[in-house]
Each structure stands twice: as structure tokens, then as C-alpha cells.
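See structure below.
As the structure is a computational prediction, the values presented were derived from the model and not from experiment.
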Amino acid sequence: MASQLFTPIQLRDLTLKNRVVISPLCQYSAVDGVASPWHWQHAGSFALSGAGLCILEATAVSPQGRISPQCLGLYSDANEVALTKLISDIRDFSKMPMGIQLDHAGRKAATRPTWELFKGPYIPEAEGGWDVEGPSAEAFTEGWRTPKMLDDAGLTRVRDDFVEATRRADRCGFDMIELHAAHGYLLHEFCSPLTNHRDDRYGGSLQNRLRFPLEVAQAMRDVFPKGKPIGVRITGEDWVEGGLTLDDCVVFAAALKEIGVDYVTPSAGNVAPGMKLPKVVPGYMVHFAEKVKRETGITTMTVGMIYEAKQAEEIVASGKADMVAIGRAIMDNPRWPWHAATALGERIDTPVQYARSSPQHWPAYAAIHGVTLREGEGVMGHATRE
Ligand SMILES: Cc1cc2nc3c(=O)[nH]c(=O)nc-3n(C[C@H](O)[C@H](O)[C@H](O)COP(=O)(O)O)c2cc1C
């Protein structure tokens with residue numbers, strides 16, 4: 001039977017050749033938000049991976065919205081110039097759709113990159129830290145900055161920052177945008193009753209708490225070209241007593257669908273301390289996407305410990321999710337989609353420069369990847385030309 005994972009999917013005018021998506025992966029390697037040589041190798045290798053779509057890392061819409069001082073940004077002309085060059089360079093050798101995740105880190109901004117977290121998250125001003133902002137003036141926990149509560153003018157400013165970054169993303173040549181409304185960052189902080197204690201129209205009931213994220217998504221949709229999709233990463237569950245539930249997630253997804261959002265990726269957690277994690281087994285968040293899709297009809301992407309071709313295939317073939325985002329498995333092996341396709345009996349185009357290591361032309365492929373090649377494949381033995 002033909003693979004379902006390697007069938008195309010249409011998001012507005014954008015056709016993904018297959019349903020494997022490279023999950024956004026923060027690299028903490030930018031300078032003042034400007035992409036560095038690291039991003040060329042990172043995105044460049046992903047652009048050759050054969051995935052249907054690559055979504056670049058959480059990218060801040062303002063300097064205050066950066067998770068760390070080294071986060072990628074899309075708030076200045078210099079940021080835009082660098083990302084425009086990155087996309088144009090990638091277009092030289094790959095047609096893979098490239099997206100970008102836009103983010104504001106809220107009260108979890110101004111922290112150290114992961115590899116320096118042993119020093120604690122807090123960065124003093126002298127080392128580049130800054131005042132942070134959120135829905136309510138409550139710190140994540142001890143040792144974190146207490147955010148300034150965003151007032152009406154602040155909300156307008158943040159919404160405008162998302163809109164401006166959306167315009168920049170279009171000019172850079174990105175094919176789509178994913179809005180980050182999960183993992184405890186600003187828009188998630190508005191949604192969750194654990195972090196939003198406002199008494200205005202943006203706090204209180206679920207409907208009120210979803211209002212600001214929905215306004216941001218709507219404002220972005222209004223300025224992004226009609227043919228280009230926007231997806232949103234949302235929260236399946238907070239995994240903290242009294243936090244967001246999967247039923248809340250369904251309500252949010254339905255409201256996003258209503259305003260023209262093209263897909264959602266339900267992820268989870270990280271909004272408040274005291275998380276009671278479920279068993280982190282392969283595909284441990286797939287049921288979020290499954291329920292959201294069943295109850296709202298919105299296109300879904302799932303994520304979380306998906307690393308085997310057969311597992312990804314089963315998720316899509318059984319209709320539990322429409323797309324599968326893969327993070328660490330693709331960092332580990334940026335050729336993951338090539339090998340997944342082969343394992344599922346498919347063949348995908350590899351760059352001509354690398355064709356001689358493909359299953360079609362390289363006898364050792366079968367032994368390394370434990371697959372059976374087709375009749376007539378793997379015929380080139382001794383590499384003779386050079
Ligand atoms: C190094 C690293 C950076 C990440 N950066 C982001 C990010 O920028 N935005 C986001 O939504 N998730 C981010 N995540 C979460 C991943 O996108 C993904 O949801 C998570 O790793 C689970 O998928 P996996 O098991 O396939 O890795 C990051 C994860 C890792 C390991």
C-alpha cells in the first residue's frame with residue numbers, strides 16, 4: 001500500500017509534497033536577532049531533508065519578546081535583510097517550503113540559552129537582561145523576572161509587533177507562518193487560567209482569555225497574503241492542576257478555524273511550575289490532535305517523540321493527524337525523511353549532487369538502513385568517475 005505520510009497536503013496555495021514537517025527548533029545563535037552563519041548550515045541542511053515543510057525556530061517579534069538575548073528576531077531591518085538572504089540562498093538549491101514561527105516570550109523572556117541554564121534562567125541587566133511583560137504581574141517562579149502587566153497600549157503595541165513581523169516574513173520570502181501560542185510564552189500565558197489573572201475583557205472566562213491570542217492571529221491573517229497559510233501552535237493541556245484542559249484546546253482550535261487559521265499543532269506544558277507530566281512515550285501528544293481534528297474539523301499537525309517512519313505513517317494513515325512535526329529526530333539526522341520514505345516503500349527526489357548515495361544508486365544503502373531495495377536499484381558499486 002502506498003504511504004499516506006508521503007502524500008501531498010494543500011494549505012491554501014501552498015502544496016506540501018509530504019506530511020513530514022520540521023518542527024521549530026530554537027538555536028539561540030543570533031546576534032541582536034540577526035541570523036548567523038549557524039542558521040545557514042541549520043536551515044540549509046533541513047532544506048535538503050526532503051521534508052514537506054521546514055518551520056524555522058521561535059522568532060521574536062520584538063526585542064523584549066526574545067526568550068534569550070541570542071534569539072532570532074524579525075523586528076528590525078537588519079533581521080529582515082538576513083532572513084531574506086537566508087531564504088534566497090536556500091532557494092538556490094531547494095524548493096522546500098520554508099516557514100517561520102513568530103513568538104513573544106512574555107514573562108519567560110530574558111532568560112539564558114538552554115546550554116547556560118545551569119547558571120539559572122535569570123540574566124542580570126549588566127549581562128544583557130531586560131524588563132519583561134505578561135498578562136499579569138506574576139513571575140514564573142522564584143528567580144525569574146516579575147513581568148509588567150500589559151495595559152491596553154501595551155496590547156496594541158504587541159499586536160502591532162506581530163503584524164509588522166508578519167509583513168516582514170512575507171517580504172523575506174517565507175511561504176507560511178506558525179504563530180507560537182504554547183510552551184508558556186506570551187499568548188499561552190493569556191490563555192491559561194494559571195497565568196492570566198486580569199479582570200478586564202482579556203481575563204476571567206475562557207472566552208476572554210482567548211481574546212488577545214485570537215486578535216493577534218486575526219490581525220496577522222488580515223495582512224498576510226491570502227494564498228499563504230498561517231498555523232498556530234497551541235496547548236493540549238497545561239498538565240498543572242487548574243490549568244488548560246484538552247476541552248479548552250478544542251474551543252481555542254475551533255475559534256482559530258473560524259478566523260481562517262489553516263492548522264493547529266497541539267503541544268503542551270511549560271506554562272507554570274508543578275507540571276505532572278504524563279509518561280513521555282512515542283507519540284504521547286497525538287491524542288490531542290486526534291480529538292481537536294475530530295471535534296473541530298481543523299487540519300492538525302501533531303508533535304512529540306515521533307521518530308520512526310512506521311509510527312509517523314500510522315498517525316497519518318489512521319487520520320489521527322494530518323501532518324507530523326519532527327524535532328530531535330531531524331536534528332539528529334537531517335536526512336530522516338529520505339530514509340523514512342525508503343522504509344515505507346517510497347522514493348523521494350534527492351539533490352542530484354547527492355544522488356549517488358541514494359537507494360537507487362548505492363548498494364550499501366540497503367545494509368546501512370536495513371531495507372530491501374527494488375529490482376534494479378543499488379547498482380552502482382565502485383565509484384569510478386573521479
Ligand atoms: C533544541 C530545541 C529547540 C526547540 N525550539 C522550539 C521552538 O522554537 N518553538 C517550538 O514551538 N518548539 C520548540 N521546541 C520543541 C520542538 O519543536 C518539539 O515540539 C519537541 O522537541 C518535541 O518533538 P520531538 O520529540 O520530535 O523532538 C524545541 C525543542 C528542542 C529540542
Run the salt-bridge test on Lys108 and Glu189 with the 4.0 Å N-O cut-off and return the result as yes or no.
-> no
Which residues satisfy the salt bridge (charged side-chain N to carboxylate O under 4.0 Å, His left out) test with Arg12, sequence neighbours excluded?
-> Asp262
So, do Asp32 and Ser76 sit near enough that their side-chain heavy atoms are less than 4.5 Å apart?
-> no
Contacts of Tyr263 meeting ring-ring contact (aromatic ring centres under 6.0 Å, His included) (sequence neighbours excluded), chain-then-number -> none
Aromatic Tyr122 / basic Arg145 pairing, under 6.0 angstrom, 45° off normal | yes
Short N-O contact, Lys228 and Asp170, less than 4.0 angstrom | yes
Quick one: side-chain contact (heavy atoms from CB on, under 4.5 Å) partners of Val34, sequence neighbours excluded?
-> Ala78, Asn79, Ala82
Candidates Leu214, Leu210, Leu155 - the one meeting side-chain contact (heavy atoms from CB on, under 4.5 Å) with Phe190 = Leu155
Do NZ/NE/NH1/NH2 and the carboxylate oxygens of Arg107 and Glu138 come within less than 4.0 Å?
-> no
Sorted by chain and residue number, the side-chain contact (heavy atoms from CB on, under 4.5 Å) partners of Arg335 (sequence neighbours excluded) come out as Leu48, Asn333, Trp338, His339, Tyr354
Same cluster or not: are Phe93 and Ile22 linked, directly or through other Ile, Leu, Val, Met, Phe, Trp or Tyr residues, by side-chain heavy atoms under 4.5 angstrom apart?
-> yes
Quick one: name the residues clustered hydrophobically with Met96, using the 4.5 Å side-chain heavy-atom rule over I, L, V, M, F, W, Y, and just say none if it's on its own.
-> none
Could you give the distance from OG1 (Thr7) to CD (Glu346), rounded to the nearest 0.5 Å?
-> 9.0 Å
Under 3.5 Å side-chain donor-acceptor pair for Asp103 and His183 | no
Residues in salt bridge (charged side-chain N to carboxylate O under 4.0 Å, His left out) with Asp151, at least two apart?
-> none
Here the gap from Ile9 atom CD1 to Asn18 atom CG, rounded to the nearest 0.5 Å, amounts to 10.5 Å
Excluding sequence neighbours, so at least two apart, what forms ring-ring contact (aromatic ring centres under 6.0 Å, His included) with Tyr28?
-> Trp115
Show me, pair by pair, the donor-acceptor contacts under 3.5 angstrom made by side chains of residues 60-73, not counting sequence neighbours?
{"unit_1": "Ser62", "atom_1": "OG", "unit_2": "Gly65", "atom_2": "N", "d": "3.2"}
{"unit_1": "Arg66", "atom_1": "NE", "unit_2": "Pro63", "atom_2": "O", "d": "2.9"}
{"unit_1": "Arg66", "atom_1": "NH1", "unit_2": "Pro69", "atom_2": "O", "d": "3.2"}
{"unit_1": "Ser68", "atom_1": "OG", "unit_2": "Gln70", "atom_2": "N", "d": "3.1"}
{"unit_1": "Ser68", "atom_1": "OG", "unit_2": "Gln70", "atom_2": "OE1", "d": "3.4"}
{"unit_1": "Ser68", "atom_1": "OG", "unit_2": "Cys71", "atom_2": "N", "d": "3.4"}

If you group Ile, Leu, Val, Met, Phe, Trp and Tyr by side-chain heavy-atom gaps below 4.5 Å, do Ile315 and Ile298 land in one group?
-> yes
Rounded distance [0.5 Å steps], CZ in Arg233 versus CG in Leu187 = 14.0 Å
For the pair Glu313 (side chain) and Gln4 (backbone), establish whether a donor and an acceptor sit closer than 3.5 Å, ignoring hydrogens and angles.
-> yes
Do NZ/NE/NH1/NH2 and the carboxylate oxygens of Lys293 and Asp322 come within less than 4.0 Å?
-> yes
What is the ring orientation for Trp144 with Phe140, classed by angle as parallel under 30°, tilted 30 to 60°, or perpendicular over 60°?
-> tilted
Please check if the side chain of Thr302 supplies one atom and the backbone of Ala321 the other of a donor-acceptor pair under 3.5 Å.
-> no
Do the side-chain N and O atoms of Glu377 and His361 include a donor-acceptor pair separated by under 3.5 angstrom?
-> no
Pairwise side-chain hydrogen bond (donor to acceptor under 3.5 Å, both in side chains) hits with a residue in residues 203-213, at least two apart = Asn208-Arg211
Electrostatic pair Lys85:Asp89 at N-O distance under 4.0 angstrom | yes
What about Val371 and Trp336, same hydrophobic cluster or not, with Ile/Leu/Val/Met/Phe/Trp/Tyr joined at side-chain heavy-atom distances under 4.5 Å?
-> no
side-chain contact (heavy atoms from CB on, under 4.5 Å) against Lys276, all qualifying residues, sequence neighbours excluded | none
Can you name the ring-ring contact (aromatic ring centres under 6.0 Å, His included) partners of Tyr185, sequence neighbours left out?
-> His180
Of all residues at least two apart in sequence or in a different chain, which pass the salt bridge (charged side-chain N to carboxylate O under 4.0 Å, His left out) check with Glu133?
-> Arg157
